[in-house]
Amino acid sequence: VLPFSKFPGTDTLLGPEMRSTGEVMGLDTDFGRAFAKAQIGAGQSIPTSGTVFISVSDRDKAAAVEIALDLAALDFRIVSTEGTQQYLRSHGIEAEKLLKLHEGRPHVIDAIKNGDMQLIINTPSGGEAQADGRKIRRTALLYKIPLVTTLAGAKATTAAIKSLRSGQLAVKSLQEYHH
């Protein structure tokens, strides 16, 4: 558990110098439920519906297709910046365009502030996109919008959403899992 909210102005991307302030574990018979429990234990919410903002670096676009397909199948509305939107659309995924910060308004930060985003998937890029990404991640943190910065995290979050939508989480003792 990393206390990003206690360090205003810092980026939420993990670096080698960071140290966690606590640890959580989720245990269940299925990975999605276990991940959901771990996120809840860390104080994070996982939306089961709504709008997801997906903006990924060029190297992550191909892998993001599977994640976007899963989220679309779960009836999430998908919004993206132009490059990601075009890539997703070229693979048959309906995604609405949202402006980058320097392109004008309304942009993604406006959407976050207006409560229009329930989940953000934003993998780091270079150049101007890097500065935009940092602002997006800080705003998501400020407004307590779940934020995912890796494809592995996005896959895990999608698995958690599927599990949460399939039924309630149950609490069991460790002994009940190892009988």
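Computation of the quantities below employed the complete heavy-atom set of this structure, encompassing side-chain atoms and omitting hydrogens, waters and symmetry-equivalent molecules. Predicted model, so just to flag it, every value in this text is computed and none were measured.
For the pair M117 and V79, the minimum side-chain heavy-atom distance is below 4.5 Å. Taking the side chain as every heavy atom from C-beta outward, L27 and K37 never approach each other to under 4.5 Å. Using a 4.5 Å heavy-atom cutoff, the side chains of K97 and T81 are not in contact. Under the 4.5 Å side-chain criterion, counting only non-hydrogen atoms from C-beta, D132 is in contact with H102. Side chains of L101 and K135 form a contact here, defined as non-hydrogen atoms less than 4.5 Å apart.
Residues meeting the side-chain hydrogen bond (donor to acceptor under 3.5 Å, both in side chains) test with T51, sequence neighbours left out: R77. Judged as a salt bridge (charged side-chain N to carboxylate O under 4.0 Å, His left out), and not counting sequence neighbours, D60 has no contacts.
I54 and L147 fall into different hydrophobic clusters, where Ile, Leu, Val, Met, Phe, Trp and Tyr side chains are chained together by heavy-atom contacts under 4.5 Å. Both I161 and L169 belong to a single network of hydrophobic side chains, linked directly or stepwise wherever heavy atoms of I, L, V, M, F, W or Y lie under 4.5 Å apart. A continuous path of ILVMFWY side-chain contacts below 4.5 Å connects Y87 to I78, so both sit in one hydrophobic cluster.
How far CD1 of I46 is from CG of L119: 9.0 Å, rounded to the nearest 0.5 Å. Note: L71 CG to I121 CD1 = 5.5 Å, rounded to the nearest 0.5 Å. For the atom pair CD1 of I112 and CZ of R138, the computed distance is 12.0 Å after rounding to the nearest 0.5 Å. Rounded to the nearest 0.5 angstrom, E66 CD and T158 OG1 are separated by 8.5 Å. A distance of 9.0 Å separates CD of Q44 from CZ of F35, quoted to the nearest 0.5 Å.
At a cut-off of 3.5 Å, with distance as the only test, no side-chain donor of S55 or S80 sits close to an acceptor on the other residue. No hydrogens or angles considered: nothing links the side chains of T123 and R59 as a donor-acceptor pair under 3.5 Å.
H91 contributes no side-chain N or O that, together with a main-chain N or O of I93, makes up a donor-acceptor pair within less than 3.5 Å.
Between E94 and R89 there is a salt bridge, with a side-chain nitrogen of the basic residue lying less than 4.0 Å from a carboxylate oxygen of the acidic one. We find that K113 and D110 are not joined by a salt bridge, their nearest charged nitrogen and carboxylate oxygen being 4.0 Å or further apart.
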